[in-house]
Participant: 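Dumping the structure here so I can ask a few things about it.
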Amino acid sequence: MIDRRSFIKSAGALTVAAATHSLWLGNAFAAETDKPKKGGHLVVGVDNASSTDRLDPAFWFETYMYFVGSQMFNNLVEIDENAKLAPSLAESWASTDGSKTWVLKIRQGVQFHDGRSLGAKDVVYSLNHHRGEKSTSPVKGYLDPVSSIEATGEHEVTIKLTAPDVEFVWLLSAVHFAITAENESFDKGIGTGAFILEKFQPGVTTLTKRNPNYWNSERGHVDSVETLAMNDSTARVAALVSGSAQLINRVNPRIVSRIERMPNLKLVRAKDSMIYTFPGLSNLAPFDNVDGRLALKYAIDRQKIIDTVLGGYASVANDNPIFPSNRYFAKDIPQRPYDPEKAQFHWKKSGFSGPLTLNVADAGFPGAVDAGQIYQQSAAKAGINLNVVRVPDDAFWNDIWQKKAFVSSNWANRPTADALLSLVFTSQSSWNESAWHVPEFDAMVKAARGEPDEARRKQIYHDIQVMLVDQGSEIIPLYADALDGCSSKIKGFTSVPGMPLSGNRAAEKVWIEG
């Protein structure tokens, strides 16, 4: 989503390059060298909450649950502020057998919220939670190549793969791979995280309190965290301005200048952090043929959307889901321009007369409704009748996405190219939002995953991008910047490249001054 998907988003390969950097806007953060202060109540306003939300990470769907879940649970590894893989519940890892076997050393002395000690069996249980034929977990596809996960020691886990994957451990940073105790229900919220669950009211609010036994002494500063469900962008900003929330996500680019002028507020910009997309179901007309797809790719005025809807806080994309910061990004693919004549040519050739309905909601991506209207206007110049329908945010992900032929959507950056491709485009993924089922593509993704030769792997990823740009069923007009906002009293709020809210862990990283 959408950061619905903000993970998911390995060792030895850095695909979210350090070049993806953060720019502080307005009142710039000085280097914060002060010692963190303990205490205080943190109130956060976050979007994409739903009354159907659950604490089980196999059902986390978007930003709200990523942020809430990360308060209670830890992963084995995480992505740090420099876009590098960092230890968490796994202290170290190594591969053998040509990257088909991975051995992880599990941190000792860690306690769950109920007092139980963390061990290898807890990790095995938690990872296996996403496997199995009946699993609908969005990260099930990441574990499909896994043949076994075993506790080979009290604090050692061995994972065997059916095929080599030189970047496998990076995938375990996906927010969904949270760790709970063996045989425990994730819905109880019992983890090893910085905060302990007090109250969970889906679609409304979540309250947590500081874990006095948190294993990471450098985090977990505030006494409690209240995470409010605020799906409306205007309501989030109003809460920040009034002081009823000290931290919010997804600030509307159109009001950045207003917040910049407020000395008591701060904003952070993480450049090219998300792709905003218009996926079309490739098994339905007009997306069931290449001409229909190309027509709609030529019919969108990408720069106008950036200038008008996003206030310039984005860069033009080329229907390519791989981010410019990724070391495998194909720079040599010519940028597709807005060309009504070519759009009209391919539209007629597709045999589809229309009208075509585009279902949009700001839940799909901020500004999706306005972007859809601009798309409608640019497509009309190509003779394409695009009917834009605004649908309720609350119903969007359950009732519209993956169900209607043409919709709005978004994805956050991922730790590896494979993580994004496997999540959104491979045939077996439950989040394949364009119904893109191409065996040749699946084979290339698998080949790149296990290719030890760097030059060969780069060429395979290049071919993958060419295929998606020329044949794919997703219109990807832009790479959007992430904009979070907070009170100037909030300290320690660092940016993680490609991920909002400090990699979903702002609650445990920040403290309150004054």
Side-chain angles (χ1 to χ4, degrees), residues 1-17 20 57-58 60-62 66 75-80 83-86 88 90 93 95 99 102 127 130-131 137-146 159 161 163-178 272-275 277 320-330 409-433 436 441-442 444-451 457-458 460-461 464-465 468 474 476 479 496-500 503-504:
M1 255 151 242
I2 312 179
D3 227 77
R4 172 192 34 235
R5 313 98 70 159
S6 264
F7 50 120
I8 325 185
K9 320 144 269 341
S10 42
L14 180 60
T15 59
V16 182
T20 302
W60 292 352
F61 198 60
E62 245 294 353
Y66 297 165
N75 285 54
L76 294 169
V77 294
E78 64 180 59
I79 306 299
D80 68 12
K84 294 181 179 180
L85 193 65
S88 185
W93 50 89
S95 66
S99 298
W102 290 85
L127 296 182
H130 301 276
R131 302 174 72 201
S137 171
V139 291
K140 177 183 182 297
Y142 288 0
L143 299 181
D144 282 347
V146 171
I159 302 176
L161 310 177
D165 187 342
V166 297
E167 300 175 315
F168 176 76
V169 173
W170 283 80
L171 299 179
L172 300 180
S173 67
V175 67
H176 297 76
F177 288 128
D272 293 346
S273 291
M274 305 182 73
I275 49 174
T277 72
N320 182 1
I322 303 302
F323 286 71
S325 58
N326 191 296
R327 63 174 175 164
Y328 297 118
F329 176 70
S409 182
N410 80 85
W411 295 95
N413 206 342
R414 297 295 184 263
T416 70
D418 178 60
L420 184 59
L421 296 171
S422 297
L423 180 71
V424 188
F425 297 96
T426 54
S427 299
Q428 300 305 314
S429 173
S430 61
W431 278 0
N432 184 337
E433 64 180 358
W436 174 252
F441 177 86
D442 295 342
M444 287 195 294
V445 171
K446 182 178 180 180
R449 184 184 301 143
E451 177 54 64
R457 190 185 318 132
K458 186 174 183 179
I460 296 172
Y461 278 127
I464 286 172
Q465 291 169 77
L468 289 174
E474 295 227 15
I476 305 176
Y479 302 103
V496 174
M499 301 180 71
N504 298 304

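Since the model is a prediction, treat every value here as computed from it, not as a measurement.
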Participant: With under 30° as parallel and over 60° as perpendicular, where do the rings of Phe177 and His130 fit, or are they tilted in between?
Facilitator: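 Correct class here is perpendicular.
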Participant: Heavy atoms only: give me the nearest Ile460-Met444 pair and the separation to one decimal.
Facilitator: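 In this case the closest contact between Ile460 and Met444 is CG2-O, 3.3 Å.
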Participant: Would you say that Lys140 contacts Ser430 through its side chain, given a criterion of any heavy-atom pair below 4.5 Å between the two side chains?
Facilitator: no
Participant: With no hydrogens and no angle check, is any side-chain donor or acceptor of Ser422 less than 3.5 Å from a backbone partner on Asp418?
Facilitator: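 Yes; at least one donor-acceptor contact below 3.5 Å.
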Participant: How many angstroms lie between CG in Leu143 and NE2 in His176, if you round to the nearest 0.5 Å?
Facilitator: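 Leu143 CG to His176 NE2: 12.0 Å, rounded to 0.5 Å.
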Participant: Can you find a heavy atom in the side chain of Leu468 that is under 4.5 Å from one in the side chain of Ile322?
Facilitator: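 Answer no - side chains too far apart.
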Participant: I need the Met274 CE to Trp411 CH2 distance, nearest 0.5 Å.
Facilitator: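 Reported value, rounded in 0.5 Å steps: 10.0 Å.
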Participant: Counting distance only, does the side-chain N/O of Asp80 pair as donor-acceptor with the main-chain N or O of Ala86 below 3.5 Å?
Facilitator: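 No, the answer is negative, given that no donor and acceptor are paired below the 3.5 Å cut-off.
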Participant: Might you point out which heavy atoms bring Pro321 and Leu420 nearest each other, and give the distance in Å?
Facilitator: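 Residues Pro321 and Leu420, closest heavy atoms: O-CD2, 3.1 Å.
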Participant: Would you say that Val77 contacts Trp93 through its side chain, given a criterion of any heavy-atom pair below 4.5 Å between the two side chains?
Facilitator: yes
Participant: Kindly determine whether Asn326 and Tyr461 satisfy side-chain contact (heavy atoms from CB on, under 4.5 Å), including the steps that lead there.
Facilitator: CA-CA 11 Å; Asn326 191 296; Tyr461 278 127; over 6 Å; no
Participant: Are Ser273 and Asn413 packed together at the side-chain level, in the sense that at least one heavy-atom pair is separated by less than 4.5 angstrom?
Facilitator: no
Participant: Which word best sums up how the rings of Phe441 and Trp436 line up, parallel for under 30°, tilted for 30 to 60°, or perpendicular for over 60°?
Facilitator: perpendicular
Participant: Strictly distance-based, threshold 3.5 Å: is any side-chain N or O of Ser88 a donor or acceptor partner for the main-chain N or O of Asn75?
Facilitator: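 Looks like yes, one N/O pair under 3.5 Å.
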Participant: Using side-chain heavy atoms (C-beta onward) and a distance below 4.5 Å, is Thr277 in contact with Ser409?
Facilitator: yes
Participant: Do Asn320 and Ile476 have side chains that get closer than 4.5 Å, going by heavy atoms?
Facilitator: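 No, too far: nothing below the 4.5 Å cut-off.
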Participant: Taking Asn432 for the side chain and Thr426 for the main chain, is one N or O donor matched with an acceptor at less than 3.5 Å?
Facilitator: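 Flag set: sc Asn432 to bb Thr426 pair under 3.5 Å.
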Participant: What orientation do Trp102 and Phe168 show, parallel under 30°, tilted 30 to 60°, or perpendicular over 60°?
Facilitator: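 Trp102 vs Phe168 ring planes: tilted.
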Participant: Looking at every non-hydrogen atom in both residues, tell me the closest pair between Val139 and Ala174 and how far apart they are.
Facilitator: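 Where Val139 meets Ala174 most closely, the heavy atoms are CG1-CB, 4.2 Å.
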Participant: Can you tell me how far CG of Leu76 sits from CG of Leu171, rounded to the nearest 0.5 angstrom?
Facilitator: 12.0 Å
Participant: Looking at every non-hydrogen atom in both residues, tell me the closest pair between Pro324 and Asp272 and how far apart they are.
Facilitator: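 Looking at all heavy atoms of both residues, the shortest contact is CG-OD2, 4.0 Å.
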Participant: Centroid-to-centroid, Tyr142 to Trp170, below 6.0 Å?
Facilitator: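 They do not qualify: ring centres at least 6.0 Å apart.
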Participant: Given Trp431, which of Phe61, Trp60, Phe425 fulfils the ring-ring contact (aromatic ring centres under 6.0 Å, His included) condition?
Facilitator: Phe61
Participant: Judged by atom type as modelled, is there a donor-acceptor pair below 3.5 Å linking the side chain of Glu433 to the main-chain atoms of Glu474?
Facilitator: no
